[in-house]
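What you are looking at is a predicted structure, and each value in this text was computed from that prediction instead of being measured. One-based numbering along the sequence shown.
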Amino acid sequence: MNGYLIFIVGVIVVHYLLDVTVSALNLRSLDPDLPEEFAGVYDDTKYRKSQEYIRVTTRFSLVQTTIITFLTVVFIVCGGFNLLDTLARSFAFSPLFTGLLFIGILALLSSAVNLPFSLYSTFVIEQRFGFNTTTPMTYLLDMIKALLLSVLLGAPLLGFILWFFETSGQWAWLYCWVAVVAFIVIVQFLAPVVIMPLFNKFIPLEEGELKEAVTDYARRQKFALQGIYTMDGSKRSTRLNAFFTGFGKYRRIVFFDTLLEKVTTSELVAILAHEMGHFKKKHIMIMMAASILQTGIMFYILSFFIENEHLFAAFQMEHLSIYASLVFFGFLYSPLSTILSIFFHVASRRHEYEADAFAVTTTSDKESLISGLKKLSVSNLSNLTPHPLHVFLHYSHPPILRRIQALRELQVPNVQRKVSYAGE
């Protein structure tokens, strides 16, 4: 039997069994007793609801993973890729456009398989637990917009990658790397002003106490901002969130409208201070540099598997092609990608602790950050007691109880006076 086929199917099966094991452990780690730290924040009914939400979403994820894993293995073993390649080649396009068509069909097929799960998750599970506010029309429009963006942005980038590998010889991987990095940088500038407004409305934060508090804090930290905005997150969900977007003087602060309804001004400033800490501590640049390096390594390794006959034989392909090489390499790269993601998560969790410390140091107000984090956890029905292995493999943020414990151990500096806001 083909060695590549054994390896690829083995990786898929092992990854599936790992998911099942970790999910089972995570369910077993649910503690029916409310942690003392959340006494008075979570009531018994809400806490039971959060645990039921975790059970339901975990079991649903396992069903989805089981079905998709089964379909993927069957598709590989039964020569599904070759059937799609035969279809794409039947149009007699150039290799580049044939590749775009082949990968486009695969993407549409994958979306079609995942669509029922997405619909059920959004309109059944999220609806049941009070999160979903998405209408069917909004959902449909989001799908259409995402498809158009894939065609307008993703297709040209993919075309460049195929073209480089067809024409640039041994240095193709380097040119692809540069092209992808340039694409990422351009999208980072386009996202806040072109892409994100396609999906949500961004309204400048109205004058008042909150804007004054945020502006004052940013000024004290010498942090350049283009503006402070609210986003209509309630259009799709009741979940709470806030984020920065953009670079340099083009940075924006964005608060979900749902967040403004649930937290106080001092809590919002503390949450903002945490996000600002990521910039001040260079976390954004560090993670981006690491991601760029990972991309370069991936393209370099990929260059050794372009039109590999044994790899193509594993997928029962009748024709060698660069575009199919990209797809098949994704299966080979999966184990390394998983390992690298663990390192990224470890670094990200460490950065969260550092950003929390920055927020406390610059606001002299650890209690507002703690209470803000608690409200976020309660409103989003977060898991308070995840299994350590689940955290190790999947969490980009430390579990909330560990974050709070670390915050309580921090010494609040006396160099700045805690600001009290009206109504608090």
Review point. For the residue pair His345 and Tyr395, is the inter-centroid distance of their aromatic rings smaller than 6.0 Å?
Key: no
Check your understanding: Would you say the side chains of Thr362 and Tyr217 form a donor-acceptor pair under 3.5 Å?
Key -> yes
Practice item. Write down the atom of Ser118, the atom of Tyr139, and the distance for their closest heavy-atom approach. Key: OG-OH, 2.5 Å
Review point. Got a salt bridge between Glu126 and Arg239, using NZ or NE/NH1/NH2 to carboxylate O under 4.0 Å?
Key: yes
**Study point:** With Leu17, the side chain to side chain contact (heavy atoms under 4.5 Å, CB included) member among Asp19, Val13, Val20
**Key:** Val13
Check your understanding: With side chains defined as the heavy atoms from C-beta onward, is the minimum distance between Arg236 and Asn200 less than 4.5 Å?
Key -> yes
Study note, to complete from the structure: In Thr65, Thr66, Thr72, Leu71, the residue satisfying side chain to side chain contact (heavy atoms under 4.5 Å, CB included) with Ile68 is Thr72
**Study point:** Crowding at CZ, Phe199 (>12 non-hydrogen neighbours, <6.0 Å)
**Key:** yes
Exercise for review: Identify, with sequence neighbours excluded, every residue that meets salt bridge (charged side-chain N to carboxylate O under 4.0 Å, His left out) alongside Arg128.
Suggested key: Glu52
Check your understanding: Do the two ring centres, one from Phe38 and one from Tyr47, sit under 6.0 Å apart?
Key -> no
Check your understanding: Do the side-chain N and O atoms of His387 and Asn26 include a donor-acceptor pair separated by under 3.5 angstrom?
Key -> no
**Study point:** Rounded distance [0.5 Å steps], CZ in Phe165 versus CZ in Phe299
**Key:** 6.5 Å
Review point. Can Arg408 and Glu367 be counted as an ion pair, charged N to O under 4.0 angstrom?
Key: yes
Check your understanding: Is there a donor-acceptor contact under 3.5 Å linking the side chains of Ser382 and Asn380?
Key -> no
Review point. Gln51 versus Leu384: any side-chain heavy-atom pair under 4.5 Å?
Key: no
Check your understanding: With side chains defined as the heavy atoms from C-beta onward, is the minimum distance between Leu376 and Ile271 less than 4.5 Å?
Key -> yes
Exercise for review: Answer yes or no: is there an ion pair linking Lys262 with Glu267, defined by an N-O contact shorter than 4.0 Å?
Suggested key: no
Point to revise | Side-chain heavy-atom pair Phe131, Tyr53 within 4.5 angstrom cut-off | key: yes
Check your understanding: Are any side-chain N or O atoms of Ser377 and backbone N or O atoms of Leu373, one a donor and one an acceptor, separated by less than 3.5 Å?
Key -> yes
**Study point:** Close side-chain approach of Phe358 and His283, heavy atoms under 4.5 Å
**Key:** no
Check your understanding: Looking just at side-chain N and O atoms, do His278 and Glu352 make a donor-acceptor pair shorter than 3.5 Å?
Key -> yes
Exercise for review: Report the relative orientation of the aromatic rings in His390 and His394; use parallel for angles under 30°, tilted for 30 to 60°, perpendicular for over 60°.
Suggested key: tilted
